[in-house]
Amino acid sequence: MSSLTGGSYPPSLDDDREKDRLVQTTKDWSIANGLAVRPAVEDPAGILAINAPVTLFPSPFPKSCFEEAKVIQASYNELYSRISQDEEFLGSLVQEVAGGDDFIAKLWNVHLKVKAEGYVQPLTLGLFRSDYMVHQDTENNNALQIKQVEFNTIASSFGGLSAQTSLLHKCLAQTEYPFLQSPISSLSLPENQSVQGLAAGLRAAYHAYGKSAISHPTCVIFLVQDGERNIFDQRHLEYAVSTPTESIPVFRLGFSQILSHTRIAPTPERQLLYTPPHNPSLSFEVAVAYLRAGYGPGDYPSPEAWEARYTVERSAAIACPSVLTQLAGMKKVQQVLATPGFSVLSKFVPDKAQHDALWKTFTNIYPLDRSAAGMDARSLAQDPVECQKYVMKPQREGGGNNFYRSAIPEQLKVIPEDHWGSFILMELITPPPLANTILRAGKLEQGGVICELGVYGTCLWDRNNGKVLHNEEAGYLLRTKGNQSEEGGVAAGYGCMDSVALV
Ligand code: ADP
Ligand code: MG
Ligand code: MG
């Protein structure tokens, strides 16, 4: 295993008995340890779980890239906490995209409404995830460099399943790989603290909230989507919030149920009170409102849904994230940070070493507006040859929203030109070729794969004075997809869970 591209790792598994054994162990371990999702089939009793799609081997990943991504996470956390506090900067970018993006415009309006009456909670929690691919720099000795795909500021998922995937591969490395026909004797499999790290972030916010001034027990609520299939990922995190020495009540509440199960106390402090449906005589004060929903227009089918988001935002609960922090995750922000010349990045990160380390992880991203750079990018995007190097992204989360290569000029033909500015054009990152075997829905898929590393980060800050109260790197995610697929979201059905074998 001397290089990423050569060598025989991961093995191609030609022997059926070997395949069967690995598959059986993976299936059983996954269910036994909650590396699972709810199935898409009818399940009125709500009792079914199936294996999450997973690679049979941890994918080789360059150690230097992995370490760089982990080390830089604290800087990313701080950067995004600062962006979240710069209302003027965010407001100007919202203006640029809002014309073609009603969802972003409505989110901004929630912020304006709360600002008008005054925010009562100065603290914000970010459970972030910075996503990367490895880029092979052909102009620089084929050096391997991590390049950021995107930075997630809301509902960053898979921390729960990711820790389990690392454990699965560790188990296979002990019990199965040494006995293959081409035995694998040693792999460098780093610890993955994603569940513990994210839970520690939630606890930091819970403690910072303090005791109830109106004598209620305090709690954390997870605001979730109805019919969520990726529920075990969330449950792993939920169950890790309490520790052996401290019990913290955590409740799940459907985003569509916020108005019926919470209310704001009639006090100047505007505490958010939650009444569990199973026990209407109880009332908890919400210390932390953790959103695993609300990141896309689908969660806001009615004015009531916007009212619900407004209720959370104007309350005293520490929002994870606030509306401004959600907006800091716009792809437009990433594009502006990556603009060379007048460095917006250096405004937020004056420290040169930190600035340069972050800058190195950026790839070229262009606006599609009417600026000079935007007009150049428009030509690239409409050119049938040039467009092959790019992905075009709207201001959306959750996968399945982007346009790749030839789809870009086609899509531009159907979007009114006035709205092009609400998209960004990003250079495609092309990682070195790798192969692996994916177990999905009980079937094996063998072949070329592309890996995307995510590094979690937790950050708690005070918007009144800019003070950062907690800032940690919080474990990692490796998602892998067949190299024929453009999108890599596990939940969207394209990618699968993986872990890193450092090389
Ligand atoms: P989302 O917020 O919907 O997850 P992403 O920016 O992560 O949007 O894009 C979705 C997927 O598209 C990524 O997981 C990745 O597989 C692919 N992708 C996005 N940007 C790039 C890029 N610059 N190069 C290669 N693949 C990309
Ligand atoms: Mg995203
Ligand atoms: Mg993504």
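The figures that follow rest on heavy atoms only: side chains count, while hydrogens, waters and symmetry mates do not. Note that the numbering runs from 1 along the sequence shown for the chain. Just so you know, ligand 1 is whichever comes first in the structure, and atom 1 is the first atom listed for that ligand. Given the structure is predicted, the values throughout are model-derived calculations rather than measurements.
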ask   = At a 4.0 Å cut-off, with the gap strictly under it, does some heavy atom of Glu427 reach an atom of ligand 1?
value =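 Yes; Glu427 lies near enough to ligand 1 that a heavy-atom distance drops under 4.0 Å.
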task = Return yes when Asn402 approaches ligand 1 closer than 4.0 angstrom through a heavy atom, no otherwise.
result =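 It does; at least one heavy atom falls under 4.0 Å.
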key: Contact partition for Arg396 relative to ligand 1, non-hydrogen atoms under 4.0 Å   =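 Only the backbone of Arg396 comes within reach of ligand 1.
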ask   = Under a 4.0 Å heavy-atom limit, does Tyr404 contact ligand 1 with its side chain, its backbone, both, or neither?
value =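 Answer for Tyr404: side chain.
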query = Does the gap between the ring centers of Phe151 and Tyr76 come in under 6.0 Å?
reply =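 Between Tyr76 and Phe151, which both carry aromatic rings, the centre distance is below 6.0 Å.
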Is it true that [X] and [Y] have a side-chain N and a carboxylate O under 4.0 angstrom from each other?
X	Y	result
Lys413	Glu410	no
Glu397	Lys331	yes
Glu417	Arg378	yes

Under a 4.0 angstrom heavy-atom cut-off, which atoms of ligand 1 come close to [X]?
X	result
Met426	23 (N)
Ile429	22 (C), 23 (N), 24 (N), 25 (C)
Lys331	1 (P), 2 (O), 6 (O), 8 (O)

task = In sequence, state the C-alpha distance, the side-chain angles, and the governing distance for Arg235 and Glu238, and then conclude on salt bridge (charged side-chain N to carboxylate O under 4.0 Å, His left out).
result = CA-CA 5 Å; Arg235 288 288 196 188; Glu238 178 186 332; 3.0 Å; yes
query = Taking distance alone, with no angle check, do Gly399 and ligand 1 share an N/O pair under 3.5 Å?
reply =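 By distance alone, the answer is yes.
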inquiry  = Below 3.5 Å, N or O to N or O, backbone or side chain included: is there any such pair between Glu397 and ligand 1?
reply    =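 Looking only at distances, the answer is yes, because the N/O contact criterion of under 3.5 Å is met.
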query = Evaluating non-hydrogen atoms only, which member of Thr363, Val391, Asn152 is closest to atom 21 (C) of ligand 1?
reply =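 Heavy atom nearest to atom 21 (C) of ligand 1 belongs to Val391.
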inquiry  = Out of Lys393, Lys389, His135, who is nearest to atom 19 (C) of ligand 1 when you count heavy atoms only?
reply    =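 Answer by nearest heavy atom: Lys393.
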query = More than 12 non-hydrogen atoms from neighbouring residues, nucleotides or ligands closer than 6.0 Å to CD on Glu191, yes or no?
reply =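 Count not over threshold, so no.
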ask   = Do Arg463 and Tyr119 meet the cation-pi criteria used here (NZ or CZ under 6.0 Å from the six-membered ring centre, within 45° of the axis)?
value =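 Pair Arg463/Tyr119 counts as cation-pi.
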query = Do Lys106 and Tyr300 meet the cation-pi criteria used here (NZ or CZ under 6.0 Å from the six-membered ring centre, within 45° of the axis)?
reply =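 No, cation not above the ring by the 6.0 Å, 45° rule.
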ask   = In Å, rounded to the nearest 0.5 Å, how long is the span from NZ of Lys332 to NZ of Lys393?
value =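 It comes to 13.5 Å.
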request  = Just give me the atom name: the N, O or S atom of Glu397 closest to the Mg ion (ligand 2).
outcome  =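 Sorting the N, O and S atoms of Glu397 by distance to the Mg ion (ligand 2) puts OE1 first.
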inquiry  = I'd like the atom name of the N/O/S atom in Glu150 lying closest to the Mg ion (ligand 3).
reply    =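 Minimum-distance N/O/S atom of Glu150 relative to the Mg ion (ligand 3) is OE2.
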